[in-house]
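Computed from a prediction, not measured in an experiment: that's the story for all the values here. Order of appearance sets the numbers: ligands from 1, and atoms from 1 within every ligand.
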Amino acid sequence: MTIHFFNGFTCNARLPASWHTGQLCLLLETRQGLVLVDTGLGRADYVHQPGILHTFKVVTTVPLNPGEAAVCQVARLGYRPEDVRHVVLTHMHFDHCGGLPDFPHARVHVHRRELQAFTGRRRRWTDWAYVRRHVAHRPEFQLYDDAGERWFDLPAIPLPFEPEMWLVPLFGHTRGHCGVAVHTGSGWLFHVGDAAPVGFTESVPRWLARLVTGPHVPRLRAFQAAHPGIRLTTGHMWLDFFDDAVCFREGPAR
Ligand SMILES: [Zn+2]
């Protein structure tokens, strides 16, 4: 399967100033058509910046380059927006689903608990990163509940794509946050979304990592150690990741 990686939202920390990150979007060529995992910001977000972005600007610098909108990057790869048939969301924070309105034909796959958190009463600080207008176009949702199945040793929910994909509940960063596992043809890619800090960096104090990303970092590190052949990615990656890993192709699916 061919997997395109791109950065849907550059966000650089003010402290440490060397922390330059991009929000990782995956574009997968599956038998069911193009599947986009997370969208970054949408075109409208550059015109009418969501209020949360102003809060973000206190601790980060955000260059806000409209060319980073997923719909522009999909076009650069030679596809039309309507070729993206499905969007899978790790969670619905503005920097992961802001691009939904740019793909109005896509079916949106997300854990039921995440949509409930998005539409429900705001109960915790991370809920303020939900921007309701991102679903004002009323996309068709396909919602998932825990299925009692496992991907390796993690509880997981099968997604309806070939090659095989799984939604892996990692609740904590948000109430319905999930990782996404993808069979690449010759191995597995496990995108853990915002359940771990940028590129699994160890330089974030543990209490802070837990506060921001939720409780799964120790578990994910253990998973990584137990399965060294599985490639793990996080929702935000160091900017240079996108220079080296823009696209990779692997052999035919099992
Ligand atoms: Zn988030």
Side-chain angles (χ1 to χ4, degrees), residues 5-14 19-26 36-42 45 49-62 64 68-70 87-101 108-135 141 144 167-181 190-201 204 207-217 219-220 232-239 241-242:
F5 294 102
F6 58 82
N7 167 16
F9 174 52
T10 298
C11 190
N12 302 326
R14 291 191 189 275
W19 280 32
H20 295 179
T21 73
Q23 189 274 319
L24 176 59
C25 303
L26 313 174
L36 179 61
V37 178
D38 286 354
T39 70
L41 298 193
D45 293 321
Q49 293 177 19
I52 180 71
L53 211 43
H54 299 296
T55 313
F56 246 62
K57 286 179 186 169
V58 176
V59 287
T60 61
T61 58
V62 282
L64 290 178
E68 287 180 356
V87 175
V88 177
L89 297 174
T90 59
H91 65 300
M92 296 186 70
H93 278 165
F94 75 102
D95 50 332
H96 295 258
C97 81
L100 286 181
V108 180
H109 302 255
V110 66
H111 198 285
R112 184 182 305 277
R113 286 177 57 155
E114 184 61 12
L115 185 63
Q116 283 169 346
F118 178 89
T119 52
R121 205 160 52 86
R122 295 183 181 192
R123 288 199 259 142
R124 44 175 288 188
W125 63 279
T126 55
D127 291 349
W128 292 96
Y130 291 135
V131 176
R132 300 252 165 88
R133 71 158 197 251
H134 287 154
V135 299
F141 280 103
Y144 295 87
L167 206 54
V168 182
L170 297 169
F171 303 153
H173 174 69
T174 62
R175 278 171 272 153
H177 179 283
C178 290
V180 179
F190 184 21
H191 180 54
V192 306
D194 284 1
V198 184
F200 275 92
T201 179
V204 179
W207 65 269
L208 184 58
R210 190 183 167 93
L211 181 72
V212 177
T213 64
H216 303 288
V217 174
R219 220 172 130 215
L220 292 170
L232 268 69
T233 52
T234 50
H236 301 266
M237 298 291 284
W238 302 115
L239 220 41
F241 167 88
F242 298 94

Requested in this report: Evaluate whether atom CZ of R123 has more than 12 neighbouring non-hydrogen atoms of other residues, nucleotides or ligands under 6.0 angstrom away.
Outcome: no
Report task. Report yes if some heavy atom in the side chain of T174 is under 4.5 Å from a heavy atom in the side chain of Y130; otherwise report no. Result -> yes
Requested in this report: Please find out if the Zn ion (ligand 1) and some N, O or S atom of H91 are separated by less than 2.8 Å.
Outcome: yes
Query raised in the report: Taking just the N, O or S atoms of D194, which one is nearest to the Zn ion (ligand 1)?
Result: OD2
Query - ring-ring contact (aromatic ring centres under 6.0 Å, His included) between H111 and F171, intermediate numbers included - result: CA-CA 10 Å; H111 198 285; F171 303 153; 5.0 Å; yes
**Report entry** Ring centres under 6.0 angstrom apart (H96, H236)
**Finding:** yes
**Report entry** Where the Zn ion (ligand 1) is the vertex, angle from H93 ND1 to H173 NE2 to 10°
**Finding:** 90°
